[in-house]
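A short worksheet on the structure shown next.
We use all heavy atoms of the structure for the numbers below, so side chains are in, but hydrogens, waters and symmetry mates are not.
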Amino acid sequence: MNTAAAANALEVRGLAVHYGHVQAVRGIDFTLAQGSITALVGANGAGKSTTLQALSGLQPKAAGRVVFEGEDITRLPSHKIVARGIIQVPEGRAILATMTIRENLELGAYRLGGHGRPQDFDYVFHLFPRLRERMHGLAGNLSGGEQQMLAIGRALMAQPRLLLLDEPSMGLAPLVVREIFHALRTIHADGLTLLLVEQNVRQALRLAQYGYVLENGSMALSDTGQNLLQHPRVIQAYLGA
Ligand code: ATP
């Protein structure tokens, strides 16, 4: 393994994504250090979800290059990107409401050709004890916060190397957001690389070592989470007085 691959999990150069004539992402560069939490923040419609969709291979890239752990994955189809261990936790969670919590978790392990390793179930249930208690209940009966836990748990069952999280705090009460972010901290401490897309700028930059601010499809700012929290433009545009 070369040193660049060891230092950076993901390198993105000149990524552009268009929807017809709408230029949603306009040639952005960013890097995720191996084992880090990186936040991608910005307002509604800035292009955050589109960026994640392009990384997952769910949206075609109009331009740019994506290198994951030293391998050029720019043109790989989504199932091959998933096979490399890049797993997305989608906005809105996309859990299967008429299946049990356990079945939803089993689906996460589908790409590995089984029903999930016992140690992975243990890990998810250790992170989110409420999912263990309700393992045989229908996922549709879970609260919004519990559904977010299940969506993260399902992604972990796939043994990810990089987790892409799209707005995990969306629609959740502050206490539940704290619980989710605490779990993300634990997952990071256990060695996983995380890219966190958030409109909740304050929380995201507190959690992340490094952050990028996306505005109208372009990268406006990048710095450590700490520095961005004190940046006048971030304070004015995203944090309030
Ligand atoms: P949000 O938090 O609201 O999801 P975002 O930063 O994730 O915002 P995107 O959803 O990536 O932003 O949207 C970026 C731009 O692309 C916006 O102008 C949006 O209207 C446009 N867009 C998103 N999806 C589509 C689509 N399927 N077809 C056409 N335009 C789209």
Hey, can you pull the donor-acceptor pairs under 3.5 Å for the side chains in residues 36-49, sequence neighbours left out?
residue: Ser36; atom: OG; partner: Ala33; partner atom: N; Å: 3.4
residue: Ser36; atom: OG; partner: Ala33; partner atom: O; Å: 2.6
residue: Ser36; atom: OG; partner: Thr38; partner atom: OG1; Å: 3.4
residue: Asn44; atom: OD1; partner: Gln199; partner atom: NE2; Å: 3.4
residue: Lys48; atom: NZ; partner: Gly42; partner atom: O; Å: 3.1
residue: Lys48; atom: NZ; partner: Ala43; partner atom: O; Å: 2.8
residue: Ser49; atom: OG; partner: Glu91; partner atom: OE1; Å: 3.0
residue: Ser49; atom: OG; partner: Asp166; partner atom: OD1; Å: 3.4
residue: Ser49; atom: OG; partner: Asp166; partner atom: OD2; Å: 3.0

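Side-chain contact between Leu150 and Leu105 is present, with at least one heavy-atom pair separated by less than 4.5 Å. Side-chain contact between Asp190 and Tyr123 is present, with at least one heavy-atom pair separated by less than 4.5 Å.
Within a 6.0 Å radius of CZ in Arg84, other residues, nucleotides and ligands contribute more than 12 heavy atoms. Atom OH of Tyr110 has 12 or fewer heavy atoms from other residues, nucleotides or ligands within 6.0 Å. Within 6.0 Å of the CD atom in Glu71, the count of heavy atoms belonging to other residues, nucleotides or ligands exceeds 12. With a 6.0 Å radius and a threshold of 12 heavy atoms from other residues, nucleotides or ligands, His231 has its NE2 atom above the threshold. When the shell of 6.0 Å around CD of Gln119 is examined, it contains more than 12 heavy atoms from other residues, nucleotides or ligands. Applying the 6.0 Å contact sphere to CZ of Arg65 captures no more than 12 heavy atoms from other residues, nucleotides or ligands.
For the atom pair CD of Gln147 and CG of Asn141, the computed distance is 9.0 Å after rounding to the nearest 0.5 Å. Glu198 CD to Leu205 CG: the interatomic distance, rounded to the nearest 0.5 Å, is 10.0 Å.
For residues 174-184, the side-chain hydrogen bond (donor to acceptor under 3.5 Å, both in side chains) pairs, not counting sequence neighbours, are Arg130-Glu179.
Residues Leu164 and Ile187 are members of separate hydrophobic clusters, defined by side-chain heavy-atom contacts under 4.5 angstrom among Ile, Leu, Val, Met, Phe, Trp and Tyr. Val89 and Met157 fall within the same hydrophobic cluster, where Ile, Leu, Val, Met, Phe, Trp and Tyr residues are linked whenever their side-chain heavy atoms come under 4.5 Å apart, directly or through other members.
Test Leu196, Val176, Thr186 against Phe181 for side-chain contact (heavy atoms from CB on, under 4.5 Å) and you get one pass: Leu196.
Using modelled atom types, one finds no donor on one side chain facing an acceptor on the other under 3.5 Å when comparing Gln59 with Thr50.
Residues Val12 and Ile28 share a closest heavy-atom pair of CG1-O, 3.9 Å. Considering every non-hydrogen atom in both Asp120 and Gln159, the closest pair reads OD2-NE2, 3.1 Å.
The side chain to side chain contact (heavy atoms under 4.5 Å, CB included) test applied to Asn216 returns no partner, not counting sequence neighbours. By the side chain to side chain donor-acceptor pair (under 3.5 Å) test, Arg102 pairs with Glu106, sequence neighbours left out. When the side chain to side chain donor-acceptor pair (under 3.5 Å) test is applied to Ser143, the partners found at least two apart in sequence or on another chain are Glu146. Scanning for side chain to side chain donor-acceptor pair (under 3.5 Å) contacts around Arg206 gives an empty result, with sequence neighbours left out.
Side chain of Thr31 to backbone of Glu11: no donor-acceptor contact under 3.5 angstrom is found.
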